[in-house]
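Below: one structure, written as C-alpha cells.
Chain naming here is simple, since letters A, B, ... match the order of the sequence lines and numbering starts at 1 in each.
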Amino acid sequence: MKIRILIFTAMSSILLHGCAGHMPQTADEFRTELPGAFLGKVEKFEVDRSYTDVGKSFQKMAPQCLDVRIKTTSQTNTSYQVIVTKWNPTVKINDQKAELHIQQLHEQGVLNVYEVPQNGYYMMVVDAIPLGKNSSQIVMYRSSVGNKALIKAIKGWAAGENIGCPDLTA
Amino acid sequence: MNRLSFTLLAVLLGPITACSGLKTYHSELDNNLQITSETDSGSVFSSVRAAVDIHTVNPDCSTEYAGTVQLDEQSKDIGIPAGRSSYLVFVFEKSGIFSAETSTSYNTLIRPRHGYRYIAKVSYQENIYNVIINEVDPGNSKRRELENRGMYACRPV
C-alpha cells in the first residue's frame with residue numbers, strides 16, 4: 001500500500017506537473033491537462049441510464065465508499081513510516097452533466113512539493129453527459145494503470161448495478 | 001496431549017485470546033438476522049476473512065461492543081435487539097504471502113422491527129466488497145432493501 005501511494009504520488013507529479021511545477025487545482029484543469037500527460041487516460045463508454053440517475057448513484061455510493069481515511073504503516077530495521085491519506089469524493093449534478101471528483105489529501109507521511117488543492121490532489125474525474133432521455137456517455141479521466149477495483153466499482157455505479165465498494169486498501 | 005503440553009498451550013493461548021479484544025457475539029434473543037457470506041481474494045497467494053462486529057447503540061448514540069461473529073461459508077443466524085439500534089461493522093481482512101495485511105470495513109446502523117427477519121448478504125470479490133441487508137415482512141414475506149446508515153444518522157433520545 002505504501003508503495004502504491006508513493007508510486008501514485010510520484011506518478012501524479014510526473015504525469016501532471018509538466019515543467020512549470022504545477023498540479024491541477026480544479027477538476028477542469030485536471031480534464032484539460034490529463035489527456036496529454038504520461039499514463040493519463042480518457043475512457044469513454046455509454047450506459048442506458050439518464051445522467052441524473054447516474055449522478056444519484058454517485059451521490060449514494062461515493063460518500064459510502066470513498067469518503068475514507070486510510071492509514072498505512074511500514075517498518076524496517078531502520079525506519080518506521082506512517083502515511084495517512086484522506087479520500088475526498090465530490091458529486092455535482094447540474095443541468096448539463098453529473099460529475100464525480102475523487103481527490104486524495106495526504107495528511108501525514110507524504111511531502112507535498114506542489115500546491116495542494118483544498119481537498120487534495122485530483123486522482124480521477126468522471127463525467128456523465130446526457131445522450132438521450134435514458135442514455136449517457138461516461139467519461140473517465142484517470143491513470144491508465146492501477147485502481148482496477150475503483151474503476152470497476154465506478155463503472156458498476158454508472159450502470160446502476162448494486163456492485164458495492166472498492167477496497168481502497170488493496 | 002499430556003498435562004505439560006496442555007498447560008503450555010493454555011499459557012500461550014491465554015494471553016493471545018485475552019489481548020485480541022474480540023469476543024464471540026452471543027445473545028439469548030430469538031434469531032432475527034441471517035448472514036451469508038462469500039469471499040474470494042482473487043489470488044492463490046492471499047486470503048480474505050470476513051467478520052461482523054456488533055455494537056449496541058445507547059440512547060445518547062454512544063456504542064458498546066457486544067461481540068464478533070466470524071463469517072465463513074456457512075450462513076450464520078443471530079439475534080439482535082428489536083426496537084433499538086445496533087451498529088454493525090462488517091470487517092474484511094486481507095492477508096497474503098507477498099503483501100501486508102489490510103483491513104477495510106462497511107458500517108451501518110440497523111433498527112430491527114419486532115417480528116421482522118433480516119437477511120444480510122456479504123461478499124468480497126476482486127477487491128470489491130458489498131453488504132446487502134434485506135428486511136423481510138413476516139406477513140407477506142416481501143423484502144425491502146435497507147439503505148446504508150452511518151452513525152451520523154443516529155439521533156440522541
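Proximity to chain A is absent for every atom of Phe92(B), based on heavy atoms less than 4.5 angstrom apart. Heavy atoms of Leu150(A) lying under 4.5 Å from chain B are absent altogether. For chain A, the nearby part of Ser103(B) is the backbone; its heavy atoms alone come within less than 4.5 Å.
Connection of Val52(B) to Val89(B) is not established within any shared hydrophobic cluster, with ILVMFWY side chains joined at heavy-atom distances below 4.5 Å, either directly or through further cluster members. Put simply, Tyr129(B) and Ile35(B) are part of the same group of oily side chains (I, L, V, M, F, W, Y) that touch within less than 4.5 Å, one to the next. Under the 4.5 Å side-chain heavy-atom criterion for ILVMFWY residues, a single connected hydrophobic cluster contains both Val91(A) and Val68(A). Ile54(B) and Ile119(B) are not part of a single hydrophobic cluster, where members link through side-chain heavy atoms under 4.5 Å apart. Leu109(B) and Tyr152(B) fall into different hydrophobic clusters, where Ile, Leu, Val, Met, Phe, Trp and Tyr are joined by side-chain heavy atoms under 4.5 Å apart, directly or via other members.
Expressed to the nearest 0.5 Å, how far CG of Asp167(A) lies from CD of Glu126(B) amounts to 13.0 Å. Once rounded to the nearest 0.5 Å, the distance linking SG of Cys165(A) with CD1 of Ile128(B) reads 9.0 Å. Between the CD atom in Glu147(B) and the CD atom in Gln64(A) there is a gap of 8.0 Å [rounded to 0.5 Å].
In this structure, the side chain of Asn127(B) does not engage the main chain of Lys148(A) through any donor-acceptor pair within 3.5 Å.
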Evaluation steps, side chain to side chain contact (heavy atoms under 4.5 Å, CB included), between Leu168(A) and Thr104(B):
CA-CA 8 Å; Leu168(A) 301 175; Thr104(B) 193; over 6 Å; no
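Within a 6.0 Å radius of CG in Asp30(B), no more than 12 heavy atoms belonging to other residues, nucleotides or ligands are found.
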